[in-house]
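Order of listing sets the numbers, starting from 1, for every ligand and every atom in it.
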Amino acid sequence: MTEIVELATADQVPLGTVKRFEVNDFAIAIVHTDEGFFAIEDRCSHADVALSEGELEGCLIECWLHGSAFDVRTGAPQSLPAITPVATFPVSVDELGAISITI
Ligand code: FES
């Protein structure tokens, strides 16, 4: 069953930043890039660390622990050592700037 969850307003996640949210004990990172807002699982697929604590460059977020970069649009790792994608979630932003994800 899918659920739509409102997490934030757009001004809480300025362009070029990442913010972590907890949804049902699941960590989600909202990422604001030049291409818009994206939502990814906030847990590196290589080990249990938060991707939201890494560096964001364009649509790539680099894990702070071993340096794998994940494409926030697809969740796919672009560099080793991670080889498994992280989950992504559809994001919508309404006319008032409320950011919601579908989980
Ligand atoms: S924990 Fe993220 S690349 Fe190793």
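Annotation: side chain of V31 is in contact with side chain of L56 (closest heavy-atom distance under 4.5 Å). Between E35 and V72, the closest side-chain pair of non-hydrogen atoms is not below 4.5 Å. F70 is not listed as a side-chain neighbour of Q78, based on a closest heavy-atom distance of 4.5 Å or more.
Close approach of ligand 1 to V49 (heavy-atom distance below 4.0 Å) involves ligand atoms 1 (S). Counting the atoms of ligand 1 from 1 in the order shown, those under 4.0 Å from a heavy atom of L65 are 1 (S). When each atom of ligand 1 is checked for a heavy atom of C63 under 4.0 Å away, the hits are 1 (S), 2 (Fe), 3 (S). Close approach to S68 involves these atoms of ligand 1, each under 4.0 Å from a residue heavy atom: 3 (S). Residue C44 approaches ligand 1 through these ligand atoms, each under 4.0 Å from one of its heavy atoms: 1 (S), 2 (Fe), 3 (S).
The atom name of the N/O/S atom in H66 closest to atom 4 (Fe) of ligand 1 is ND1. Restricting H46 to its N, O or S atoms, the one at the least distance from atom 4 (Fe) of ligand 1 is ND1.
Other residues, nucleotides and ligands place no more than 12 heavy atoms under 6.0 Å from the CG atom of D34. The 12-atom threshold is exceeded at CG of L15, counting heavy atoms of other residues, nucleotides or ligands nearer than 6.0 Å. The environment of E57 atom CD is sparse: at most 12 non-hydrogen atoms of other residues, nucleotides or ligands sit within 6.0 angstrom.
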